[in-house]
Amino acid sequence: MAITQGADLEIVEYLLSAEKERREVTKITDKYPNLTFEEAYFLQEKLIQQKEQEGARRIGLKLGLTSKAKQEMMGVHEAIYGYLTDDMLAFEWAPLEFNQLIHPKAEPEIAFFIGEDLQGTNVTAADVLSVTQYVAPAIEIIDSRYLDFKFTLVDVIADNCSSARFVIGNKWMSPTSLNLAELGMVMSKNGEVATVGASAAVLGHPATSVAWAVNKMGGIGKGLKKGDIVLSGAISEAIAFQPGDSIHSQFAELGSVSFTCK
């Protein structure tokens, strides 16, 4: 074990206090260089449990490293996942408060609204689509607690994959009513195009990304539940923003989602 008994609580408090106090901290692998993936997910679970004890409620999942190019760059062969809690949900009509964050960035994503429980280790993209009631345009605001957004893979898993906030657009569609594999996306900041992408960047199809998460969780007896929201992965690179900035993402026929920061 890279972490001794009791060190898990120390690490969780270290990360949670950084989030609450809105300050950067050095990555945990500086102290625990041999931390494993299994231990990182264990720490992530402990962190979410602590948030639940403080009043938060799990409402879904978010996926990371869903781009093959990003996986190759990081030297890994699979995606990662973290949890969404109800206090992460932000709204288009309410400005995001920058002073509640550290060094946020925005990522365009497709959100899946799960209509039935789904669990297993051989789940396919078709299975995911069969239980998805709606898909919607979304923006995830990531905000790593680590200094200068620099970390290893196990660091970011333990930190709940840099989860901070997410915004969902008001156009929800059945996944059978559009081609989810070929949705184009343009993200703008203050009216200027900042990044472009296509849904195929997410493991070829966003539902494939969600299926990976279900199968990964299935290995430890977990799965998706009816009512869960899943952010399937970034369609393009993340963009940083500051107070006064306005972010807008247009997802072809799926519609758009926006937020402003104050």
Colleague: For the pair Asp159 (side chain) and Arg145 (backbone), establish whether a donor and an acceptor sit closer than 3.5 Å, ignoring hydrogens and angles.
Modeller: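 Yes: the side chain of Asp159 pairs with the backbone of Arg145.
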Colleague: Parallel, tilted or perpendicular: which describes the rings of Tyr134 and Phe113, with under 30° parallel and over 60° perpendicular?
Modeller: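 Tyr134 and Phe113: perpendicular rings.
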Colleague: If we only count heavy atoms from C-beta on, is the Thr176 to Leu129 side-chain gap below 4.5 Å?
Modeller: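 Thr176 vs Leu129: side chains apart.
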Colleague: Could you tell me whether a side-chain N or O of Glu92 sits under 3.5 Å from a main-chain N or O of Ser258, the two making a donor and an acceptor?
Modeller: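 Yes; judged by distance alone, with no hydrogens or angles, the pair exists.
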Colleague: For the pair Asp86 (side chain) and Arg57 (backbone), establish whether a donor and an acceptor sit closer than 3.5 Å, ignoring hydrogens and angles.
Modeller: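 Answer holds: yes.
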Colleague: Same cluster or not: are Val193 and Leu183 linked, directly or through other Ile, Leu, Val, Met, Phe, Trp or Tyr residues, by side-chain heavy atoms under 4.5 angstrom apart?
Modeller: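 As far as the 4.5 Å side-chain criterion goes, Leu183 and Val193 are not connected within one cluster.
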Colleague: What's the shortest heavy-atom distance between Gly169 and Ala136, and which atoms?
Modeller: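 The pair with the smallest heavy-atom distance is O-CB, 4.4 Å.
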Colleague: Is there a side-chain contact between Lys51 and Tyr83 (heavy atoms, below 4.5 Å)?
Modeller: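 When only atoms from C-beta onward are counted, Tyr83 and Lys51 do not touch, as no gap falls below 4.5 Å.
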Colleague: Is it the case that more than 12 heavy atoms not belonging to Phe98 sit under 6.0 Å from its CZ atom?
Modeller: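 Atom CZ in Phe98 is crowded, with more than 12 foreign heavy atoms closer than 6.0 Å.
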Colleague: Listed by chain and number, what are the ring pair (Phe, Tyr, Trp, His ring centres under 6.0 Å) partners of Phe251, not counting sequence neighbours?
Modeller: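 Applying ring pair (Phe, Tyr, Trp, His ring centres under 6.0 Å) to Phe251 gives none.
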Colleague: If we ignore hydrogens and angles and just use 3.5 Å, is the side chain of Ser188 paired with the main-chain N or O of Gly191 as donor and acceptor?
Modeller: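 No; zero donor-acceptor contacts below 3.5 Å.
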Colleague: Test Asp228 against Phe112 for side-chain contact (heavy atoms from CB on, under 4.5 Å), laying out the working first.
Modeller: CA-CA 8 Å; Asp228 276 351; Phe112 285 64; over 6 Å; no
Colleague: Nearest 0.5 Å, what's the CD1-CD distance between Ile141 and Glu107?
Modeller: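 The CD atom of Glu107 is 10.0 Å from CD1 of Ile141, to the nearest 0.5 Å.
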Colleague: CG of Leu9 to CG of Leu43: how many Å apart, nearest 0.5 Å?
Modeller: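 It comes to 9.5 Å.
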Colleague: Please tell me whether Ile139 and Ile235 are part of a single hydrophobic cluster in this structure, the criterion being side-chain heavy atoms less than 4.5 Å apart.
Modeller: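 Yes, it is one cluster - the side chains of Ile139 and Ile235 are joined through contacts under 4.5 Å.
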Colleague: Say whether Thr152 and Asp155, considering side chains only, have a donor N or O and an acceptor N or O under 3.5 Å apart.
Modeller: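 There is such a pair (donor and acceptor under 3.5 Å, judged by atom type) between the side chains of Thr152 and Asp155.
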Colleague: In Å, rounded to the nearest 0.5 Å, how long is the span from CD of Gln44 to CG of Leu15?
Modeller: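 Spacing of CD (Gln44) from CG (Leu15) equals 11.0 Å.
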Colleague: Can you classify the ring geometry of Phe91 versus Trp93 as parallel (below 30°), tilted (30 to 60°) or perpendicular (above 60°)?
Modeller: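 Judged by the thresholds at 30° and 60°, the geometry between Phe91 and Trp93 is parallel.
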Colleague: Looking at every heavy atom in both Ile247 and Ala106, which two are closest together, and how far apart are they?
Modeller: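 Minimum heavy-atom separation between Ile247 and Ala106: CG2-CB, 4.3 Å.
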Colleague: Given Gln49 and Gln53, is the side-chain hydrogen bond (donor to acceptor under 3.5 Å, both in side chains) satisfied, shown in steps?
Modeller: CA-CA 6 Å; Gln49 287 177 2; Gln53 289 177 18; 5.6 Å; no
Colleague: Membership question, hydrophobic clusters at under 4.5 Å side-chain separation (ILVMFWY): are Tyr41 and Val214 in the same one?
Modeller: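 Yes, same cluster.
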Colleague: For the residue pair Glu140 and Ser163, establish whether any side-chain heavy-atom pair is separated by less than 4.5 Å.
Modeller: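 Contact flag for Glu140/Ser163 side chains = yes.
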Colleague: Identify the two heavy atoms, one from Lys171 and one from Pro137, that lie closest to each other, and give their separation to 0.1 Å.
Modeller: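 Closest approach of Lys171 to Pro137, heavy atoms only: O-CD, 3.2 Å.
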Colleague: How long is the gap from CD1 on Ile80 to SG on Cys161, to the nearest 0.5 Å?
Modeller: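 Interatomic distance, Ile80 CD1 to Cys161 SG, rounded to 0.5 Å: 3.5 Å.
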Colleague: What closest approach, in Å, do Gly218 and Thr121 show between heavy atoms, and which atom pair accounts for it?
Modeller: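 Shortest heavy-atom separation between Gly218 and Thr121 comes out as C-CG2, 3.7 Å.
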Colleague: So, the side chain of Asn160 versus the backbone of Gly82: is there a donor-acceptor pair under 3.5 Å, distance only?
Modeller: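 A pair under 3.5 Å: no.
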Colleague: How close do Leu35 and Val154 get, counting heavy atoms only, and between which atoms?
Modeller: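 Here Leu35 and Val154 meet closest at O-CG1, 3.7 Å.
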Colleague: Are Phe37 and Val156 grouped together when hydrophobic residues (ILVMFWY) are joined by side-chain heavy atoms under 4.5 angstrom apart?
Modeller: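 Same cluster: Phe37 reaches Val156 through Ile, Leu, Val, Met, Phe, Trp or Tyr contacts under 4.5 Å.
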Colleague: Roughly how far apart are Ser17 OG and Arg23 CZ, rounded to 0.5 Å?
Modeller: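 Between atom OG of Ser17 and atom CZ of Arg23 there are 4.5 Å.
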Colleague: Decide yes or no for Ile11 and Tyr32: does some side-chain heavy atom of the first lie under 4.5 Å from some side-chain heavy atom of the second?
Modeller: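 Result yes, sub-4.5 Å side-chain heavy-atom pair found.
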Colleague: How far apart are the C-alpha atoms of Lys62 and Phe166, what are their side-chain angles, what is the distance that settles it, and do they pass the side-chain contact (heavy atoms from CB on, under 4.5 Å) test?
Modeller: CA-CA 10 Å; Lys62 57 80 54 92; Phe166 66 99; over 6 Å; no
Colleague: If we only count heavy atoms from C-beta on, is the Leu180 to Ser199 side-chain gap below 4.5 Å?
Modeller: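 No, every pair of side-chain atoms sits at 4.5 Å or beyond.
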Colleague: Answer yes or no: is there a side-chain heavy-atom contact under 4.5 Å between Val210 and Thr132?
Modeller: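 They are not in contact (no side-chain heavy atoms under 4.5 Å apart), so the answer is no.
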Colleague: Without swapping roles, check the side chain of Glu24 against the backbone of Asp148 for a donor-acceptor pair under 3.5 Å.
Modeller: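 Answer holds: yes.
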Colleague: Are the side chain of Arg22 and the backbone N or O of Asn99 linked by a donor-acceptor pair below 3.5 Å?
Modeller: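 Yes, Arg22 side chain to Asn99 backbone: donor-acceptor pair under 3.5 Å.
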Colleague: With a sphere of 6.0 Å drawn around CD of Glu182, does it hold more than 12 non-hydrogen atoms of other residues, nucleotides or ligands?
Modeller: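 Result for CD/Glu182: open.
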Colleague: Give the intermediate values and the outcome of side-chain contact (heavy atoms from CB on, under 4.5 Å) for residues Trp172 and Val135.
Modeller: CA-CA 6 Å; Trp172 300 6; Val135 290; over 6 Å; no
Colleague: Looking just at side-chain N and O atoms, do Thr26 and Tyr14 make a donor-acceptor pair shorter than 3.5 Å?
Modeller: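 Side chains of Thr26 and Tyr14: pair found under 3.5 Å.
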Colleague: Answer yes if Leu153 and Phe149 sit in the same cluster of Ile, Leu, Val, Met, Phe, Trp and Tyr residues linked by side chain heavy atoms under 4.5 Å apart, and no otherwise.
Modeller: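 Result: yes, single cluster for both.
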Colleague: Would you say that more than 12 heavy atoms from the other residues, nucleotides or ligands in this model lie under 6.0 Å from the NZ of Lys31, or not?
Modeller: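 Open.
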Colleague: Give me each pair satisfying salt bridge (charged side-chain N to carboxylate O under 4.0 Å, His left out) with a member in residues 196-222, each pair once, sequence neighbours excluded.
Modeller: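 Of all non-adjacent pairs touching residues 196-222, those that pass salt bridge (charged side-chain N to carboxylate O under 4.0 Å, His left out) are Glu45-Lys222, Glu78-Lys216.
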Colleague: Would a 4.5 Å heavy-atom cut-off, applied to side chains only, mark Val202 and Ile110 as touching?
Modeller: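 Contact flag for Val202/Ile110 side chains = no.
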Colleague: Give the C-alpha distance, both sets of side-chain angles, the deciding distance and a yes or no for side-chain contact (heavy atoms from CB on, under 4.5 Å) between Leu96 and Leu101.
Modeller: CA-CA 9 Å; Leu96 196 69; Leu101 302 165; 4.0 Å; yes
Colleague: According to the side chain to side chain donor-acceptor pair (under 3.5 Å) rule, which pairs have a member within residues 231-247, sequence neighbours left out?
Modeller: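 Output for this query lists Asn190-Asp245, Thr195-Ser236, Thr195-Glu237.
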Colleague: Nearest 0.5 Å, what's the CD-SG distance between Gln100 and Cys261?
Modeller: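 One gets 10.0 Å once the value is rounded to the nearest 0.5 Å.
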Colleague: If we only count heavy atoms from C-beta on, is the Lys262 to Glu97 side-chain gap below 4.5 Å?
Modeller: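 Counting from C-beta outward, Lys262 and Glu97 do come under 4.5 Å.
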Colleague: Ring-plane angle category for Phe259 and Phe241, please: parallel below 30°, perpendicular beyond 60°, tilted otherwise.
Modeller: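 Phe259 vs Phe241 ring planes: perpendicular.
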Colleague: Mind listing the closest non-hydrogen atom pair of Asp143 and Ile102 along with its distance?
Modeller: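 Asp143 and Ile102 have their closest heavy atoms at OD2-N, 2.8 Å.
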